[in-house]
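Beneath this line is the structure, given in structure tokens, with notes to follow.
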Amino acid sequence: MVGMNWHSLSEFIHMGGYALYVWGSFGVTALLIAGEILLLGARRKKALTLVRRTIKFGKAENDEDAA
Amino acid sequence: MNAISALLRRELTLAMRRRGDALTALFFFVIVASLFPLGVGPDPKLLHLMGGGVVWVAALLAAMLSLGRLFAADHADGTLEQLILTPTSPVVWIAGKILAHWLVSGVPLILMAPVLGIQFGLSGAELAVLMWSLLLGTPALSLIGAIGAALTLGLRGGGVLVSLLVLPLYVPVLIFGAGAVDGAISGLGSEAHLSLLGGILILAFMLTPWAVAAALRISIE
Amino acid sequence: MNAISALLRRELTLAMRRRGDALTALFFFVIVASLFPLGVGPDPKLLHLMGGGVVWVAALLAAMLSLGRLFAADHADGTLEQLILTPTSPVVWIAGKILAHWLVSGVPLILMAPVLGIQFGLSGAELAVLMWSLLLGTPALSLIGAIGAALTLGLRGGGVLVSLLVLPLYVPVLIFGAGAVDGAISGLGSEAHLSLLGGILILAFMLTPWAVAAALRISIE
Amino acid sequence: MSGFNLYKYSSPATFYVLAGRLIPWFYAAAALLGAAGLYVSFFLAPTDFQQGEAYRIIFIHVPAAWMSMFIYLAMAGWAALGLAFNTRLSFMMASALAPTGAMLTFVSLWTGALWGKPTWGAWWVWDARLTSELILFFLYLGFMALQAAIDDPRRADRAGALIALVGVVNVPIIYFSVKWWNTLHQGASVSLNTAPSMAAVMLAGMLVMALAVWMYAIAAALSRVRCIILERERNSQWVAQMLGAEPHPHPNLPLEGEGTNVEGI
Amino acid sequence: MLEGKSLACVRGERTLFSRLDFALGEGELLLVQGANGSGKTSLLRMVCGLLAPEFGEISWHGEAIASCRERYHADMVYFGHAPAVKEDLSAFENLDLACRLAGFPAGRDDVKGALGYLGLGHCLDLPARSLSQGQRRRVALARLLLTRARLWILDEPLTALDQAALHLVQSLLGEHLAKGGMVMLTTHQPVAVAGVVPKTLQLS
Amino acid sequence: MLEGKSLACVRGERTLFSRLDFALGEGELLLVQGANGSGKTSLLRMVCGLLAPEFGEISWHGEAIASCRERYHADMVYFGHAPAVKEDLSAFENLDLACRLAGFPAGRDDVKGALGYLGLGHCLDLPARSLSQGQRRRVALARLLLTRARLWILDEPLTALDQAALHLVQSLLGEHLAKGGMVMLTTHQPVAVAGVVPKTLQLS
Ligand code: HEM
Ligand SMILES: Nc1ncnc2c1ncn2[C@@H]1O[C@H](COP(=O)(O)OP(=O)(O)OP(=O)(O)O)[C@@H](O)[C@H]1O
Ligand SMILES: Nc1ncnc2c1ncn2[C@@H]1O[C@H](COP(=O)(O)OP(=O)(O)OP(=O)(O)O)[C@@H](O)[C@H]1O
Ligand SMILES: [Mg+2]
Ligand SMILES: [Mg+2]
């Protein structure tokens, strides 16, 4: 760990005694952003399968013939 | 005008017929305000400090709960469609309905407020300010709430939705209303708060009927 | 047992489907508790003193409001008739319905309570007592409330009636529940209050299903 | 997010493709700016002599707070466009912005609470800013809950737009009322004392992070709007063509975007 | 003269109908027919102006209904699946207030007469909640006796009615048509109005 | 064998009927007829045990229904004015859960089959709120395909149904009666079940 603030990794992690608060903030933010990206991916996948199904079977009323 | 008076008459007849329903708001107001001393404990100083705030929160909750009655019943039984299909302009009868709603559920709160205020040890002058603030505030609550009620018609989870939508819009009314009473209690004066409340009321009166008309059109489809 | 699990499944599916509705109680709980500081003012000392009482009053109101959901929808669309016409004993499915109701509207309150407690500056130990008191108290509220909900089915002014009927029965729960938290805040201890709450819960559990069954029979005619 | 030629791009089919091309760039910009911003926040910015390292929360807290308010404005703007010109795309953009906005509002509440505990000794106080941010969170939740409760997309669009507009009228009222409410009772409870030399680094860090969050918000909103477009338009010809399959023939009305030739996804 | 041109209706993701045209002139009866879920109710609501068509236009005497809303609604009566009868009001009050709201105030005797004609003479003052299914529908239908609107839009007005009421309603329709009124109607039951050959509109 | 003996029904201050007797044996269809408000719904609810008769007794295989409630209800299905269809559940879920609750769990395919038979195959997964009036009634009627109850009590099961559904329901009744089932029915529309001469009970 270089820079003018920290002399070691553990010092960096310790955050001058405020680790819980600082990492709690940045960590939860990172988690939320990652979660949002994952959710967006899942939603896109779901939308695409939905579209494929619709294209294959046509509209809802044609589902009947297909089934 | 004829249509408006017919509407008012109808709303008031219905309210008389379902008296229990009309009393819900009032009753709720009373119990919320009366439960607090039970929950918080009997310390009179603490209660006096809380008084204005508690009564105003109770009024706000009561107003919010009574919103369900504003359009929902008429929507369910088809009367709302019939109203929309009358030749009268929607803004007119919507204003009439909101007025009736306030007469039935807002005015009793104002009349009951002094009784509750006394439970919290408010003095005569403080009670007067409380009533004035409610007189200016409750019609604003009815008006603003009507937008939420109209938007959530017939939706799943209508109850919570209307609270969720309306609550942020109610906050300024609550703050100025309770602020006026607190101003009287602390001796800082309450004119500023009251005139702000009046401003909110005027703004709400000018804007909401249009917003509600738009919301009803959206909801009725 | 089969019927019970089907019933639970149905209630939970419905709750998931009408998530908004199920969240009503929770949301109401949150807003009542959050409006108070807005009404009463931001002084942290005052808020800490009020904390337990406000959260408990909010929980009580939330529980009372969610009673409407217990039987009313099933009554309106004819499902209740069908339930009564099943061969299962009414006591069994009524207990199931109340359990589902508590799972959907009571448990979330308990889980949310610490967040609200923090807004009022309650400490860790105080929060623990708050959660315990709610864990014992909210099922009792659901059970007791079910009687009122069943008696007022389909009546005009159901809303106010159910509050009127249920409120006196709720007051002891409120007093012991808020008392437990206040005991923790003032350092007087809260075991006695908690065990009284437990007693109320057991009593309610043994008596209500029968009372509700009788009430439903009366209401359905 | 504004600045497109609305009339040209208000067709979902065209916009879908355009957004698809832009998204990677916005994500890349967000990542780069984010890395730079984090570097500034943790390595360039010195320790605060009063608050110690806890103040570093500012680098996520303030950008999130700024963006939470800005996104609400953008959302209301799209809603107004939608109501005025009846363009479906505007409504879709409004719906696409809301979850990201709510997420950032939550971040600012969360980081604020985590900052408040070490500095004020309380997770929460009823300060004007905090309170109005909480109410903003409710406004977002209300918008999303309303749209989620409506099955018919057309009604959902319009109802959501209406409440977003009503909300935006109220935001300044809320802000001032809360501010006044609070200051009437007690003096301002926070003021961050920083050395003037530090101010420049801090400001730079916050600005870079804010830009990063902004880019991220755009990327997320565009991804979401693409999902919404797919979900809503899955019956239309252009979606079928785009996915390279013959649509099932059915004798229904032509939907908007029919015949647009679209290459690539 | 009511006209619909190349109307299309989309509910959820389904297109219920498209390119639908119809015209309804004075003295004519238009029967909208179709299976359950084919979109009859949706069409009638569209014609009333309660539902915006996805595509196409509806005009009243040559003017789009959206641009002459007040005049159009003053000349129109709609009877939907929901009968707009308040459970807490008596039959008399229900009808009386409905007429006032719609702007055709009728005297007490007219109102009583209309209810009596529909066989509700003995329950004028019973709250509607204690009326039977069919009696409630009759209260709602009594509006048709008092309105002066020329266009009637009726969605399954015959459900829950017994034979006697069926005949009454049919003769009511006949009188209205004979006076040059217009009726747009859906029903799954057979309707016969003496002296009128209905036009039909089939939804599939 | 269902029997009612000298039943009387009072609603409000009116006696709707009194000294009413009826009997319903295996394979028989009992049509309850009468004008609007004559008390048909009240009678059926009485027979179900939802409404206590003012006077008289109803018995099932010779035992008063109050004293053999569980057995009686296990063998009975009631279909009332309110269709017991939850707006928030899909057609499939509605039927599936209704069957489980009533204690005749049916497999997924049975449920789908029943809905398909009633022409709802394409809207299995639509929430009931977006179904048309008639489609909702069909969902409720699909229960009749899955139940093993011998006694069916049906209050106006034909309202809002189109011709196709009418025929389906009538053939369903026919099959049930042919297997020795019993049906008690009210309707204002004509019913014809092949091979069965209905008994009628006239309320006035
Ligand atoms: C849950 C708690 C908190 C919430 C909801 C919150 C909310 C906000 C909001 C909405 C802003 C932007 C307002 C503006 O630019 O005018 C903001 C800015 C800021 N907050 Fe917080 N805050 C919280 C806690 C804190 C704490 C504990 C501190 C520091 C001790 C803090 C320090 C700041 C600073 C320094 C700014 C930037 C001020 C400026 O740009 O004018 N906040 N916060
Ligand atoms: N949100 C939705 N999603 C999908 N389909 C929907 C939605 N809302 C309505 N529908 C469909 O629209 C149709 C409603 O049609 P409508 O009520 O006009 O039928 P109808 O012809 O009046 O039928 P009935 O004779 O049963 O009254 C139904 O087929 C229903 O499935
Ligand atoms: N509280 C009451 N006071 C007076 N009469 C009442 C009361 N409650 C119900 N009634 C009467 O009881 C009758 C209800 O009968 P019911 O619903 O059984 O009729 P029905 O034969 O099913 O009619 P429909 O064919 O219209 O469904 C109505 O005539 C109604 O007026
Ligand atoms: Mg219909
Ligand atoms: Mg009946």
Side-chain angles (χ1 to χ4, degrees), chain B residues 17-28 30-32 34-41 43 46 49-61 64-66 68-69 76 152 155-164 166-168 170-172 174-175 177-179 181-182 185-186, chain C residues 14 17-28 30-41 43 46 49-61 64-66 68-69 76 152 155-164 167 170-172 174-175 177-179 181-182 185-186:
Chain B
R17 213 51 63 76
R18 304 186 62 103
R19 229 160 307 157
D21 226 25
L23 289 178
T24 310
L26 181 62
F27 183 69
F28 196 80
V30 174
I31 61 170
V32 173
S34 315
L35 283 179
F36 263 88
L38 289 179
V40 173
D43 175 13
L46 188 62
L49 279 179
M50 290 169 46
V54 171
V55 173
W56 251 99
V57 170
L60 191 153
L61 292 175
M64 199 153 79
L65 287 182
S66 67
R69 269 204 343 276
T152 54
L155 294 188
R156 293 171 265 153
V160 70
L161 256 183
V162 80
S163 328
L164 189 55
V166 147
L167 184 80
Y170 274 5
V171 165
L174 171 65
I175 286 177
V181 186
D182 287 349
I185 293 178
S186 65
Chain C
L14 268 174
R17 212 46 64 77
R18 304 186 64 106
R19 229 163 303 158
D21 225 27
L23 290 176
T24 311
L26 179 62
F27 183 69
F28 196 79
V30 172
I31 61 172
V32 173
S34 309
L35 282 178
F36 262 89
L38 292 178
V40 173
D43 177 13
L46 187 63
L49 280 178
M50 290 169 49
V54 170
V55 173
W56 251 98
V57 171
L60 190 152
L61 293 175
M64 199 154 80
L65 286 183
S66 68
R69 267 204 345 276
T152 54
L155 294 187
R156 288 176 274 154
V160 71
L161 258 182
V162 78
S163 321
L164 259 180
L167 193 74
Y170 272 8
V171 166
L174 171 67
I175 288 178
V181 185
D182 287 349
I185 292 177
S186 64

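Naming convention: chains lettered A, B, ... in sequence-line order (proteins, then strands); numbering from 1 in each chain.
Contacts of C/Val54 with chain B are made by both backbone and side-chain atoms, with heavy-atom separations under 4.5 Å. Using a 4.5 Å cut-off between heavy atoms, C/Leu35 contacts chain B through both its backbone and its side chain. Contact of C/Leu60 with chain B is made through the side chain alone, with heavy-atom distances under 4.5 Å. Looking at B/Val57, only its side chain comes within 4.5 Å of chain C, counting heavy atoms on both sides.
Between B/Val40 and C/Leu49 there is no side-chain heavy-atom pair separated by less than 4.5 Å.
Heavy atoms only, all atoms of each residue included: B/Ala178 and C/Gly39 are closest at CB-O, 3.4 Å. The shortest heavy-atom contact between C/Met64 and B/Ile31 is CE-CD1, 3.3 Å.
For the options C/Val55, C/Ile175, C/Leu167, heavy-atom pairs under 4.5 Å to chain B are most numerous at C/Leu167. Chain B forms more heavy-atom pairs under 4.5 Å with one residue of C/Gly52, C/Gly53, C/Pro37 than with any other, namely C/Gly53. Ranked by heavy-atom pairs under 4.5 Å with chain B, the first of C/Phe28, C/Trp56, C/Tyr170 is C/Phe28.
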